[in-house]
Amino acid sequence: MNGGLMISIIVPVYNSKTYLKSCINSILANTYKDYELILVDDASNDGSEVLCDELSAQDIRIKVIHHESNKGLSLSKYDGYRISKGKWICFVDNDDIISSYMLEQMIDASKSHTDAEIICVSGLDVNEKQIDQYVDKINNNTYVHSANTHIEEYDGINSCRAVYGSTDYSLKKNGIYSATWGKIIKRSLFENVLEKVSTYKDELFWVFLEDVLFIPICLKEASKVIIIDDIHYLHRISKANLSAKMKPTEYHYEVIKAQDLIQDYYRGNELKDVADEMLTGFMLMMQSVWYKIYGFEDNISKRKSGLKMLNDMWHKYIDVYKVVDRRSGNILHSISIFLFDKSKYIWRYTVGLYYFKIRR
């Protein structure tokens, strides 16, 4: 690497002027300084594109890429990677906040675990009202002052079991380790997995470098994964998030196909137990996307093909799920999936209506 640069931080930017400066300032405030910061402006039109250039002019470590048309998160991350030079790759969402010690803790962990290929820290989902109050907490309660930091070390297969499967150490409760953010990934591993998912770069351009496809494979392929339970990342929950939109986007169609690929990949790579653990979530996701396509897709051709795709996918997994469900013990999920299997339309006006109209 040029000059031994350690970390390339890639921030995809799209119409985030309200939050972008806070995000970038939280990165620049880090105690660890050996990084480059790549802002990928994905054809913003709210002034974010101007702010990116202004920030770059203030700090030599900041580089900017401008897209002429909107490409989405995965291609933005990919373009950022293509000009990156760091030994480690790190992604930060453009409206999130990281602690002042996040990078230092991850690099220190990489020095004490020299064969690690992924270093993860914990994160919190926070809403607009919570995020400001948590900023001070994560900066004042860092690993530097904590005597209770819990660090776990896994090989690739067992990291998948820890993050997606059942485990005595409850990772799901204390952080979102399956996200693309909150971690550094060694460049050699990143490029190895990128080669595998690049097959889907055209078909799944929204998600090929996201948490539904890239990260599950990345964890499996890693020789060692370090997971640290200190909270260093604040993930802003917004109605603008792709997964929260009611009108289906290309993302919703692609995420189902990506989950299908991961099911096949895990079942073919010694992780059938983890695929079984993930299956209930996949079935519920299919229900959610079906609801959105059936009720809100106004493109007749996409609606027809989307519903057919979901119907075929459902029948591919429902018999497998029935075996898995006997071990799951979640009655509400079982009822929802059972009812959907018997009648999608009755489900829509009962469970679906409750979840999407009343509960939200």
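Applying the salt bridge (charged side-chain N to carboxylate O under 4.0 Å, His left out) test to residues at least two apart or on different chains, the pairs with a partner in residues 53-64 are Glu36-Lys63, Asp59-Arg61. Within the structure, salt bridge (charged side-chain N to carboxylate O under 4.0 Å, His left out) pairs that include any residue of residues 203-215 comprise Lys77-Glu210 (at least two apart or interchain). Screening residues 269-311 for ring pair (Phe, Tyr, Trp, His ring centres under 6.0 Å) gives Phe282-Tyr317, Trp290-Tyr294, Trp290-Phe340, Trp290-Tyr345, Tyr291-Phe356, Tyr294-Tyr345 as the qualifying pairs, with residues at least two apart or on separate chains. Listed by first and then second residue, the ring pair (Phe, Tyr, Trp, His ring centres under 6.0 Å) pairs involving residues 29-83 are Tyr81-Phe190 (not counting sequence neighbours).
When the shell of 6.0 Å around CD of Glu153 is examined, it contains more than 12 heavy atoms from other residues, nucleotides or ligands. Counted within 6.0 Å of NZ on Lys33, heavy atoms from surrounding residues, nucleotides or ligands total more than 12; the atom is thus considered enclosed.
Put simply, Leu307 and Met246 are part of the same group of oily side chains (I, L, V, M, F, W, Y) that touch within less than 4.5 Å, one to the next. Cluster membership for Ile318 and Ile346, using ILVMFWY side-chain heavy atoms within less than 4.5 angstrom, is shared. Hydrophobic clustering (ILVMFWY, side-chain heavy atoms < 4.5 Å, transitive): Tyr19 and Ile138 are in distinct clusters. Residue Ile83 is grouped with residue Ile89 when hydrophobic side chains (ILVMFWY) are merged at heavy-atom distances under 4.5 angstrom, including chains of intermediate members.
Panel note: side chain Ser74, backbone Trp206; a donor-acceptor pair is recorded below 3.5 Å. Looking at Ser336, its side chain never comes within 3.5 Å of a backbone N or O of Leu332 through a donor-acceptor pair. When atom types are taken as modelled, the side chain of Asn192 and the backbone of Ser188 share no donor-acceptor pair closer than 3.5 angstrom. In this structure a side-chain-to-backbone donor-acceptor pair under 3.5 Å is present from His252 to Thr249. A donor-acceptor pair is defined here as one N or O able to donate and one able to accept, closer than 3.5 Å; no such pair exists between the side chain of Glu277 and the backbone of Tyr164. For the pair Asn127 (side chain) and Gln130 (backbone), a donor-acceptor distance under 3.5 Å is present. One N or O on the side chain of Ser26 and one on the backbone of Ile98 form a donor-acceptor pair closer than 3.5 Å. No donor-acceptor distance shorter than 3.5 angstrom exists from the side chain of Asp341 to the backbone of Ile337, with no hydrogens or angles considered. Without hydrogens or angle criteria, Ser198 side chain to Lys201 main chain gives no donor-acceptor distance under 3.5 Å. Proximity of a side-chain donor or acceptor of Ser122 to a complementary backbone N or O of Asp230 within less than 3.5 Å is not detected.
Under the 4.5 Å side-chain criterion, counting only non-hydrogen atoms from C-beta, Val40 is not in contact with Val11. Side-chain contact check for Glu297 versus Lys247: some heavy-atom pair is nearer than 4.5 Å. Ser56 is not listed as a side-chain neighbour of Leu39, based on a closest heavy-atom distance of 4.5 Å or more. Between Lys316 and Asp260 there is a side-chain heavy-atom pair separated by less than 4.5 Å. The shortest side-chain heavy-atom distance between Ile38 and Ile62 does not fall under the 4.5 Å cut-off. Side-chain contact between His333 and Leu284 is present, with at least one heavy-atom pair separated by less than 4.5 Å. You'll find the side chain of Ile97 reaches within 4.5 Å of the side chain of Ser22, heavy atoms only. Two residues are said to be in side-chain contact when any heavy atoms from C-beta on lie closer than 4.5 Å; Leu271 and Lys220 meet this criterion.
Contact record, Leu103 with Asn30: N-OD1, 3.1 Å, taken as the closest heavy-atom pair. The heavy-atom pair separating Ser76 from Pro12 by the smallest distance is CB-CB, 3.9 Å. Scanning all heavy atoms of the two residues, the minimum distance from Asp115 to Ser223 falls at O-OG, 3.3 Å. Between Ile24 and Leu55, the closest heavy-atom pair is CG1-CD1, 3.8 Å. Residues Ser334 and Asp325 come closest through the heavy atom pair OG-OD1, 2.6 Å. Nearest heavy-atom pair, Met106 versus Ile119, reported as atom, atom and distance to 0.1 Å: SD-O, 3.7 Å.
Here Asp298 does not pair with Arg303 in a salt bridge; the nearest charged N to carboxylate O distance is not below 4.0 Å. The pair Lys302-Glu250 meets the salt-bridge criterion, with a side-chain N (NZ, NE, NH1 or NH2) lying under 4.0 Å from an Asp/Glu carboxylate O. One finds a salt bridge joining Asp312 and Lys308 here, because a Lys/Arg side-chain nitrogen approaches an Asp/Glu carboxylate oxygen to under 4.0 Å. The existence of a salt bridge linking Asp95 and Lys17 is excluded, since no basic side-chain nitrogen approaches an acidic carboxylate oxygen closer than 4.0 Å. Ion pairing of Glu128 with Arg236 is present here, as a side-chain N (NZ or NE/NH1/NH2) and a carboxylate O approach within less than 4.0 Å.
Judged as a side chain to side chain contact (heavy atoms under 4.5 Å, CB included), and not counting sequence neighbours, the contacts of Ala275 are Gln263, Tyr266, Arg267. Under the ring pair (Phe, Tyr, Trp, His ring centres under 6.0 Å) criterion, Tyr233 pairs with Trp181, sequence neighbours left out. For the side chain to side chain donor-acceptor pair (under 3.5 Å) test, residues two or more places apart in sequence or in another chain that qualify with Asn70 are Asp42. Applying the side chain to side chain contact (heavy atoms under 4.5 Å, CB included) rule to Val193 yields the partners Leu189, Val197, Phe214, Ile217, Cys218, Glu221; only residues at least two apart in sequence or on another chain are considered. The side chain to side chain donor-acceptor pair (under 3.5 Å) test applied to Lys186 returns no partner, not counting sequence neighbours. Residues that satisfy the side chain to side chain donor-acceptor pair (under 3.5 Å) test with Asp202, not counting sequence neighbours, are absent from this structure. Partners of Glu68 under the side chain to side chain donor-acceptor pair (under 3.5 Å) rule, at least two apart in sequence or in another chain, do not exist in this structure. Legend: residues meeting side chain to side chain contact (heavy atoms under 4.5 Å, CB included) with Ser44, ordered by chain and number and at least two apart, are Val13, Tyr14, Asn15, Asp41, Asp46, Ser48, Glu49.
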> Can Arg161 and Tyr154 be said to form a side-chain contact (heavy atoms from CB on, under 4.5 Å), step by step?
Replying inline: CA-CA 9 Å; Arg161 291 191 172 117; Tyr154 300 93; over 6 Å; no
> Can you list the steps and then say if Met285 with Gln259 is a side-chain contact (heavy atoms from CB on, under 4.5 Å)?
Replying inline: CA-CA 9 Å; Met285 184 185 297; Gln259 286 290 297; 3.9 Å; yes
> Between Leu209 and Thr180, is a side-chain contact (heavy atoms from CB on, under 4.5 Å) present by the stated rule, with each step listed?
Replying inline: CA-CA 8 Å; Leu209 209 49; Thr180 57; over 6 Å; no
> Between Asp229 and Tyr177, does a side-chain contact (heavy atoms from CB on, under 4.5 Å) hold up when you go through it step by step?
Replying inline: CA-CA 10 Å; Asp229 71 357; Tyr177 300 106; 3.9 Å; yes
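For the 3.5 Å distance criterion, the side chains of Asn158 and Asp155 qualify, holding a donor opposite an acceptor. A side-chain donor-acceptor contact under 3.5 Å links Arg187 and Ser84. Side-chain atoms of Ser8 and Trp88 include no donor-acceptor pair closer than 3.5 Å.
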